[in-house]
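One structure is given below, encoded as structure tokens.
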Amino acid sequence: MIITLRALGLGDLLTATPALRGLARAFPRQRRVLYAPGPLASLTTLIDPGLELREARRLGSVANVPVGVRTAVDLHGRGPRSHRILLAAAPRAQLVAFRHEGVRESCTGPSWFQAEHERTRWCRLLAAYGISADPDDVDLPRPPWPPPAVASGATLLHPGAASRARRWPITRWAAVARSEQAQGRRVLITGSRSELGLAQTLAQAAGLASDSVLAGRTSIAGLTAAVAAAGRVVCGDTGIAHLATGLRKPSVVLFGPVSPQRWGPPANRPWHVALWAGREGDPHGGEPDPGLLQIGAREVLDALASLPPSY
């Protein structure tokens, strides 16, 4: 058995897609188990149909790790806590992990580079242990389940993000929504249940009907299908941006405190446009990042005008 730890969110799972596929190719006959949040199970079937998901919403919730597995892979972080959780599985062959001075068993692992792109980071980790993975192996198959009927060809706007530092002002989102509507495109607003109020505020500011709000009404599977059916996506630096990348959906992604060189789409895909003012800040800040605020509605509209109608 190969066990892998990535007890993080939607975007985190998707940036680990190349590494997870590298593991699938390296161990095609081994049982492969991923510890990650349960709501992401539908996505794991698109990444690697043979991957089993066991519920782990955070490190503290990882439980019942089997003992005596072949290999344990830390795609969660640099350790030491995540390393020790996997060492409890007593891997017979190896622990695949970045070097941490507090964990002797990780001493043969590579060093951690903070400024590295997230996809490249995990592929480099595997390469250090002789496992090949391509950082650009991000494409997902179209989900087999049906999308919301209203999503076909629509422009999806996703104003939410985990922190206020990565949330663009609602007035600017509303300007984008009105422009898309004026060009005859259906506009839908996505988000989690906790972002429903934000989505409703945007709908009201843009003069959109209440049925334009998908926030709080879709599961991860439903959101994935909506992105696959949509015409284009506009969002901040958050999970849905990686869905748009994986599903090859034309997108405009607004970066603020973190550079797209660390979390953005592959540079060789011009149908994804990453907007960034060139300055970094605190991604967990309590106010919109100053760099994010340097991006105006006109820049987003110009980027949308540059997108192909589909890809």
Side-chain angles (χ1 to χ4, degrees), residues 1-114 116-135 137-138 140 220 239 242:
M1 179 187 291
I2 310 299
I3 64 168
T4 303
L5 179 60
R6 186 84 169 155
L8 297 164
L10 171 61
D12 303 285
L13 173 65
L14 291 169
T15 54
T17 293
L20 291 169
R21 286 180 173 160
L23 290 169
R25 287 190 296 270
F27 304 105
R29 294 180 178 83
Q30 289 283 334
R31 185 179 177 189
R32 299 183 299 280
V33 174
L34 172 68
Y35 285 83
L40 301 177
S42 58
L43 273 180
T44 64
T45 65
L46 302 182
I47 294 169
D48 170 13
L51 188 61
E52 301 175 31
L53 186 142
R54 293 190 183 176
E55 173 69 47
R57 289 182 178 268
R58 58 191 181 281
L59 284 184
S61 66
V62 178
N64 301 320
V65 178
V67 176
V69 302
R70 183 195 186 282
T71 299
V73 184
D74 190 348
L75 298 184
H76 187 90
R78 70 179 76 183
R81 189 179 176 198
S82 54
H83 292 5
R84 290 171 179 150
I85 288 173
L86 290 173
L87 285 170
R92 301 190 312 275
Q94 59 191 352
L95 169 71
V96 175
F98 281 105
R99 184 184 311 127
H100 192 285
E101 62 182 14
V103 181
R104 177 180 54 81
E105 293 86 348
S106 70
C107 66
T108 59
S111 299
W112 177 279
F113 302 145
Q114 184 63 31
E116 192 169 25
H117 195 289
E118 192 71 1
R119 293 190 310 274
T120 303
R121 182 192 314 285
W122 304 114
C123 292
R124 181 173 64 87
L125 170 65
L126 296 189
Y129 292 87
I131 302 168
S132 176
D134 178 2
D137 184 10
V138 296
L140 300 173
I220 293 294
H242 302 287

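Below, each value reflects all heavy atoms present in this structure, side chains not excepted, and no hydrogens, waters or symmetry copies.
- Ile85 places a side-chain heavy atom less than 4.5 Å from the side chain of Leu59.
- Within the 4.5 Å cutoff, side-chain heavy atoms of Val69 are placed close to those of Pro91.
- Residues Trp112 and Arg124 have side chains not in contact (no heavy-atom distance under 4.5 Å, counting atoms from C-beta outward).
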Practice task
List the steps and the verdict of side-chain contact (heavy atoms from CB on, under 4.5 Å) for Arg70 and Met1.
Solution key: CA-CA 5 Å; Arg70 183 195 186 282; Met1 179 187 291; 5.9 Å; no

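- Looking at every heavy atom in both residues, Ala19 comes nearest to Ala133 through CA-CB, 4.2 Å.
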Exercise for the section: Begin with the C-alpha distance, continue with both residues' side-chain angles, and end with the deciding distance and a verdict on side-chain contact (heavy atoms from CB on, under 4.5 Å) for Leu43 and Leu53. Expected result: CA-CA 10 Å; Leu43 273 180; Leu53 186 142; over 6 Å; no

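- Using a 4.5 Å heavy-atom cutoff, the side chains of Leu23 and Leu51 are not in contact.
- The CH2 atom of Trp122 sits 13.5 Å away from the NE2 atom of His117 when rounded to the nearest 0.5 Å.
- Side-chain contact between Arg99 and Pro110 is absent, with no heavy-atom pair separated by less than 4.5 Å.
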Problem - Working for side chain to side chain donor-acceptor pair (under 3.5 Å), residues Gln114 and Arg121 - result: CA-CA 9 Å; Gln114 184 63 31; Arg121 182 192 314 285; 5.5 Å; no

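- Atom CZ of Arg21 is separated from atom OG of Ser132 by 14.0 Å, given to the nearest 0.5 angstrom.
- Looking at Pro66 and Ile3, their side chains come closer than 4.5 Å, going by heavy atoms from C-beta outward.
- Between Leu95 and Val73, every side-chain heavy-atom pair lies at or beyond the 4.5 Å cut-off.
- Gly102 and Arg84 make their closest contact through O-NH2, 3.0 Å (heavy atoms, listed as atom of the first residue, atom of the second, distance).
- Nearest heavy atom pair, residue Tyr129 against residue Ala97, reads OH-O, 3.0 Å.
- No donor-acceptor pair closer than 3.5 Å links the side chain of Arg54 to the backbone N or O of Tyr35.
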Practice task
Walk me through it: do Thr15 and Arg6 pass the test side chain to side chain donor-acceptor pair (under 3.5 Å)?
Solution key: CA-CA 11 Å; Thr15 54; Arg6 186 84 169 155; 3.2 Å; yes

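- Atom-to-atom distance recorded for Gln94:CD and Ser106:OG is 13.0 Å, nearest 0.5 angstrom.
- Between Asp137 and Arg25 there is a salt bridge, since a side-chain N of the basic residue sits under 4.0 Å from a carboxylate O of the acidic one.
- At least one donor-acceptor pair closer than 3.5 Å links the side chain of Arg119 to the backbone N or O of Pro135.
- Between Pro80 and His100, the shortest heavy-atom distance links the atoms CD-NE2, 3.4 Å.
- The shortest heavy-atom contact between Gly77 and Asp74 is N-OD1, 3.4 Å.
- Nearest heavy-atom pair, Phe27 versus Ile131, reported as atom, atom and distance to 0.1 Å: CE1-CD1, 3.9 Å.
- Salt bridge present: Arg32 and Asp48 bring a charged side-chain N and a carboxylate O closer than 4.0 Å.
- Here CG of Leu20 is found 6.0 Å from CG of Leu75. Values are rounded to the nearest 0.5 Å.
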Handout entry: Chi angles and distances behind the side-chain contact (heavy atoms from CB on, under 4.5 Å) call for Thr4, Val33
Key = CA-CA 6 Å; Thr4 303; Val33 174; over 6 Å; no

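- A 4.5 Å side-chain heavy-atom check between Leu13 and Leu8 finds every atom pair outside the cut-off.
- In this structure a side-chain-to-backbone donor-acceptor pair under 3.5 Å is missing from His242 to Val138.
- Gln30 contributes no side-chain N or O that, together with a main-chain N or O of Ile2, makes up a donor-acceptor pair within less than 3.5 Å.
- The line from CG of Asp12 to CG of Leu40 is 9.0 Å long, rounded to the nearest 0.5 Å.
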Exercise for the section: Go through the steps for Ile47 and Leu34 under the test side-chain contact (heavy atoms from CB on, under 4.5 Å), then give the verdict. Expected result: CA-CA 12 Å; Ile47 294 169; Leu34 172 68; over 6 Å; no

